[in-house]
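All values below come from the heavy atoms of this structure, side chains included, with hydrogens, waters and symmetry mates left out.
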Amino acid sequence: MGADNDLAAVLEGLPPSAGDTGLVGAAPDRCARALGVDGVAASVTTDSGPSEVVWCSAGASARLEDLQYELGQGPGPEVAACCAPVLVPDLARVPAGRWPALLPEAAALGIGALFCFPLHVGSACLGTLTLQRAAPGPLPDAAMTDAWVVANALTAVLLKGGPQQGAFACGEEGSEFYRAAVHQASGMVSVQAGVPLAQALLRLRAHAFRHGRPVTEVAEDVVARRLHFRDDENGPDAGAGEGTDGHDT
């Protein structure tokens, strides 16, 4: 009954309260406990393609979302593309060629199993719900059913709209969205390096992965003018190369 009570409380708390700035309420860690996993994350797709994390457990789940975003590999991108669940009960048995860059990183995080569900209306995928667990093995039938219940409830919350969703769509500063700085930094890199936005985002992702940093941190450095991308293929300049106004001298 404890897990059932937890799930009921999670479902009741999913709609954000009046004072919330995020799209989703409730505690993701409580949802993870109710589903018998170690972490959960919900992301929504944006008009420009990349996903935006709107609800996430701390630790391995948060880092996994960063890695999928940086690398463009993993169950999330696959689910977003096919609008069907991707269930991986044993990450160690996934062929290396499927997610070549992600697999060793996920293993280093201690992730043994991944279960990703679409947040969808018909064939339109609005986002993903990803569950991760250290122990390999399939998701029990009851937990699978509950995961779909959570996914459908999240979809309903996202479709309902409200001031939080308006802030997300407009990128307002008061909204607590995970990658707001990434979108802003991509525009700055595009201007600095003279490249299209899509290529600017790829440069941010590549720099973050190469240096083992979350892409959000790299983006914050760009926005704060601690990191500057020149119009070349040698990567960005940082720190000493900048003048007092934050631009290269």
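The distance from atom CG of Asn152 to atom CG of Leu119, rounded to the nearest 0.5 Å, is 8.5 Å. Here CG of Leu67 is found 5.5 Å from CD of Glu105. Values are rounded to the nearest 0.5 Å.
Applying the side chain to side chain donor-acceptor pair (under 3.5 Å) test to pairs two or more places apart or on separate chains, those with a residue in residues 89-103 are Glu78-Arg98, Glu78-Trp99. Residue pairs that meet the side chain to side chain donor-acceptor pair (under 3.5 Å) test with at least one member in residues 135-144, sequence neighbours left out, do not exist here. The list of side chain to side chain donor-acceptor pair (under 3.5 Å) pairs with a residue in residues 123-140, not counting sequence neighbours, reads Ser61-Gln132.
Annotation: side-chain hydrogen bond (donor to acceptor under 3.5 Å, both in side chains) contacts of Ser190 (sequence neighbours excluded): none. Partners of Phe117 by ring pair (Phe, Tyr, Trp, His ring centres under 6.0 Å), not counting sequence neighbours, listed by chain and number: Trp148. Remark: Glu220 pairs with no residue by the salt bridge (Lys or Arg N to Asp or Glu O under 4.0 Å) rule, at least two apart or across chains.
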For a side-chain contact (heavy atoms from CB on, under 4.5 Å) check, start with the C-alpha distance between Phe229 and Met188, then their side-chain angles and the critical distance, and finish with the verdict. CA-CA 9 Å; Phe229 283 68; Met188 293 176 67; over 6 Å; no
Apply the test side-chain contact (heavy atoms from CB on, under 4.5 Å) to residues Leu103 and Leu91: give CA-CA distance (whole Å), side-chain angles for both, the deciding distance (0.1 Å), then the verdict. CA-CA 8 Å; Leu103 287 174; Leu91 208 61; 3.9 Å; yes
List the steps, then state whether side-chain contact (heavy atoms from CB on, under 4.5 Å) holds for Val150 with Leu7. CA-CA 8 Å; Val150 173; Leu7 184 61; 3.6 Å; yes
Might you work through the side-chain contact (heavy atoms from CB on, under 4.5 Å) test for Asp38 and Ile111, ending with a clear yes or no? CA-CA 9 Å; Asp38 296 323; Ile111 296 174; over 6 Å; no
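Closest heavy-atom contact between Ala113 and Ala135: CB-O, 3.8 Å. Heavy atoms only, all atoms of each residue included: Ala151 and Leu129 are closest at N-CD2, 3.9 Å. Residues Leu102 and Gly74 share a closest heavy-atom pair of CD2-CA, 3.4 Å. When all heavy atoms are compared, the tightest approach of Leu139 to Ala143 is CG-CB, 3.8 Å. When all heavy atoms are compared, the tightest approach of Cys83 to Gly122 is SG-O, 4.2 Å. Of all heavy-atom pairs spanning Gly127 and Cys125, the tightest one is O-SG, 3.2 Å.
Put simply, the side chain of Leu154 does not reach to within 4.5 Å of the side chain of Leu126, judged on heavy atoms. Side-chain contact between Val222 and His228 is absent, with no heavy atoms from C-beta onward closer than 4.5 Å. In this structure, Cys31 and Leu35 have side chains that are in contact, with non-hydrogen atoms separated by less than 4.5 Å. Side-chain contact between Leu204 and Val189: present, with at least one pair of heavy atoms (C-beta onward) separated by less than 4.5 Å. When side chains are defined from C-beta on, Gln68 counts as touching Leu64, because their heavy atoms get closer than 4.5 Å. You'll find the side chain of Thr155 reaches within 4.5 Å of the side chain of Val121, heavy atoms only. In this structure the side chain of Pro85 reaches within 4.5 angstrom of the side chain of Pro118, judged on heavy atoms.
No chain of hydrophobic side-chain contacts below 4.5 Å, direct or via other Ile, Leu, Val, Met, Phe, Trp or Tyr residues, connects Val191 to Val195.
The 12-atom threshold is exceeded at CD of Glu217, counting heavy atoms of other residues, nucleotides or ligands nearer than 6.0 Å.
Glu70 has a carboxylate O that lies under 4.0 Å from a charged side-chain N of Arg63, or vice versa, which qualifies the two as a salt bridge.
Checking side-chain atoms of Asp6 against main-chain N and O of Arg30 turns up no donor-acceptor pair under 3.5 Å. With hydrogens and angles disregarded, no donor-acceptor distance shorter than 3.5 Å links the side chain of His211 to the backbone of Arg213.
Considering Val157, Val40, Val44 in turn, Val40 is the only one that fulfils the side-chain contact (heavy atoms from CB on, under 4.5 Å) rule with Trp55.
Ser43 and Glu52 share no donor-acceptor pair across their side chains, judged by distance under 3.5 Å alone.
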